[in-house]
Amino acid sequence: MATNVFRKKSIAQIQADAAAGFSDEGIVPGQPGEETVVTLRRSLGTFDLTMLGIAAIIGAGIFAMIGQASFKGGPGVVFLFIFAAIACGFAALCYAEFASKIPIAGSAYTYAYASFGELLAWIIGWDLLVEYAIGNIAVAISWSDYFTSLLAANGIHVPMSFTMDFLTAKRGFAAVNEAIAGGASLESLQAGCKAAEAAVSCAQVEAHQAWANATHIAGIPIIADVPALAIVFIITALVYIGIRESKIASNIMVGVKLGIILLVIILGAFYVKTENWSPFLPNGFGGMMGGVAAVFFAYIGFDALSTTAEECKDPYRTLPRGMIYSLVICTVLYVVLALVLTGMVSYKFLNVGDPLAFVFGPEGVNIPWVSGIIAVSAVVALATVLLVFQLGQPRLWMAMSRDGLLPKIFSSIHPKFRTPWFSTILTGIFVAVPALFMNLTEVTDLSVIGTLFAFTVVCAGVLVKDKEFAGQKRFVPYLNSMFVAPVIFIGVWALILYYNHDATHTFFTDFAPTADDIKKGVTTATGVFFEKLPYFVFAIFSLVMTVLCVIKRLSLIPVLGVMCCTYLMTELGWTNWFRFGIWLIVGLVIYFFYSYSHSKLNQTPAEGEIAT
């Protein structure tokens, strides 16, 4: 069994399986001898894919989290955007490499199946569920917040109990009641909630009102985020109808979104005060890296394009170009926008949920009509992100179903709309129902660590397949890392020790809780050790990779992709690693109880042996 779980599918076998269909609706009836296999409709070109990539990338990250990242890193957050873009760039080249060789729906899952075998492929498929489906729950909730704020600005007020999740309302109600028990009045809490030292935030006061004013059934308040449910149903219906209709809607929405962002950049440039850029790194390197989750979340999305491989007109050319073009365009926009925002308003005031609207509001340059336009654009932007990820998840399930790792109905293609109908409906339910009730602030980091893990595996997959790809047209040219990798490794450590010798020594030897640790709830030496554990693991891992580069003469670009992505994972803290580990264990239980025995390679061992 230990060998069978690593059974691989050859690239030729993957392509043959996709061509065969593996679908409950696989045959369209016709005249005898004229039946045809139902396949996905190929209608996406380079422009469509680039627009879909921009639609996925530019969303909650740029409209909400760029403020949080700027608050932590100051104007120097642009360096973090560039570093994250470089890491994503290495990963994008590796995705492009696989996409040009295996233009099949399934993304990193399919690539892992060809490179590492079935077990890791399942792990990646389960991991991507975090990025696509669970990540979309958070996007749906964010969309609801912007949408209800936009309605309120125009005099339309939806009851708070229908615009908030149950957990947020419950926690806010408890926090306000605790403050009232301490002697405060509700009126004083409302009046002072905007102050930095406020006992409760304005959001908690609103949550208290939602809980207090909600309709109760059997003593239980009925609180649900109804707009989040509605937008997921609308987007799911659009995806169900077909890729052609989805791409038209996406292209229109992306056009609107880009126009608004360019308006913010161009108009905002006239209000930039260069003194706001000094100091450029007010909180140092550590402060800048504190925004890594927010910044990387802003880049999540370009990899979702690889799930549309079977709907591209010429996937060998258009798919790699679409990923790379969209990543480059978004990086330029992010860097320029971060400079404009931190130039218009001091970074100290940007820890808000709507930074683009904030800088044009009363606390900024006070241009109300621009704030209104930005609110509209945020609603559009988040809808496009929902659209792309609702496209991606069903196609991932479809690929896993073809391999027998999920029931066959997951790969059933609708005979009229030519879309994976069951997987699309299930994705809609999977996203919509939790979005009604759940507070998913914590899963943002989980989504990021899951995506970085997938990027790492894809980059490593190119290393595994490097000899097989030799002699073919390459998006990742072979560059010998034998000498470059040791120079980079030694150079980085030399710089760290030269500029931060004392801090480095303290990091590795002192485990006493600092003031920052205590703020995060870490009060023991053991807790500090666990907080530092990911960095220790990365230090050992980077040394091992450097040695392998010397011995195996590995290809440089995928090596850099692996190293950049694993380093960014270390910045997410051990708690997120622990949660991610629990999520993977649940996936492994499902694999060994169902997927292993139902795998098509398990049913046809002869083919599985040939494929390996």
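Keep in mind that what you see is a predicted model, and the values were worked out from it rather than measured. Note that these values count all heavy atoms, side chains included, but never hydrogens, waters or copies made by symmetry.
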**Request:** Please report the C-alpha distance between T575 and E531 in whole Å, then the side-chain angles of each, then the deciding distance to 0.1 Å, and finally whether the side chain to side chain contact (heavy atoms under 4.5 Å, CB included) criterion is met.
**Result:** CA-CA 8 Å; T575 303; E531 287 292 320; 4.2 Å; yes
Shortest non-hydrogen contact between [X] and [Y], atoms and distance:
X: V462; Y: P558; answer: CG1-CG, 4.1 Å
X: P486; Y: S481; answer: CD-O, 3.7 Å
X: G73; Y: L281; answer: O-CD2, 3.9 Å
X: A87; Y: C564; answer: CB-CB, 3.6 Å
X: V562; Y: F541; answer: CG1-CZ, 3.7 Å
X: I557; Y: F90; answer: CG2-CD2, 3.8 Å

Measuring only between side-chain heavy atoms, which start at C-beta, is [X] closer than 4.5 Å to [Y]?
X: I488; Y: L560; answer: yes
X: L463; Y: S555; answer: yes
X: F410; Y: M400; answer: no
X: L556; Y: Y478; answer: no
X: F489; Y: M545; answer: no
X: T570; Y: V537; answer: no
X: W397; Y: P420; answer: no
X: D127; Y: W122; answer: no

**Message:** I want to know whether F81 and Y334 have ring centres closer than 6.0 Å.
**Reply:**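 Judged by ring-centre distance (under 6.0 Å), F81 and Y334 do meet the cut-off.
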**Message:** In this structure, is the centre-to-centre distance between the rings of F280 and F79 below 6.0 Å?
**Reply:** yes
**Asked** After noting the C-alpha distance and the side-chain angles of L120 and I123, does the key distance pass the side chain to side chain contact (heavy atoms under 4.5 Å, CB included) rule?
**Response** CA-CA 5 Å; L120 192 56; I123 291 173; 4.2 Å; yes
**Request:** Please step through ring pair (Phe, Tyr, Trp, His ring centres under 6.0 Å) for the pair F530 and F578, ending with a clear verdict.
**Result:** CA-CA 10 Å; F530 279 113; F578 178 76; 9.2 Å; no
From [X] atom [atom1] to [Y] atom [atom2], the distance as rounded to the nearest 0.5 Å:
X: F453; Y: T566; atom1: CZ; atom2: OG1; result: 11.5 Å
X: Y95; Y: F455; atom1: OH; atom2: CZ; result: 5.0 Å
X: L333; Y: L262; atom1: CG; atom2: CG; result: 6.0 Å
X: R402; Y: Y113; atom1: CZ; atom2: OH; result: 13.5 Å
X: M323; Y: C94; atom1: CE; atom2: SG; result: 10.0 Å
X: R321; Y: F47; atom1: CZ; atom2: CZ; result: 15.5 Å

When you measure from the side chain of [X] to the backbone N and O of [Y], does any donor-acceptor pair fall under 3.5 Å?
X: T342; Y: P75; value: no
X: W574; Y: F529; value: no
X: W583; Y: W126; value: yes
X: S599; Y: S595; value: no
X: D510; Y: A512; value: yes

**Request:** Under the side chain to side chain contact (heavy atoms under 4.5 Å, CB included) rule, what do L533 and W577 come out as? Steps first, then yes or no, please.
**Result:** CA-CA 10 Å; L533 184 59; W577 284 63; over 6 Å; no
**Request:** Could you please spell out the steps behind the side-chain hydrogen bond (donor to acceptor under 3.5 Å, both in side chains) verdict for Y591 and E118?
**Result:** CA-CA 10 Å; Y591 171 77; E118 185 173 280; 2.7 Å; yes
**Prompt:** Excluding sequence neighbours, so at least two apart, what forms ring-ring contact (aromatic ring centres under 6.0 Å, His included) with F508?
**Reply:** F536
**Item:** Results of ring-ring contact (aromatic ring centres under 6.0 Å, His included) for F538 - residues two or more places apart only
**Value:**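 Once residues adjacent in sequence are excluded, the partners of F538 under the ring-ring contact (aromatic ring centres under 6.0 Å, His included) criterion are Y567.
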**Item:** Stepwise side chain to side chain contact (heavy atoms under 4.5 Å, CB included) check, Y535 with E571
**Value:** CA-CA 8 Å; Y535 297 97; E571 292 288 346; 3.0 Å; yes
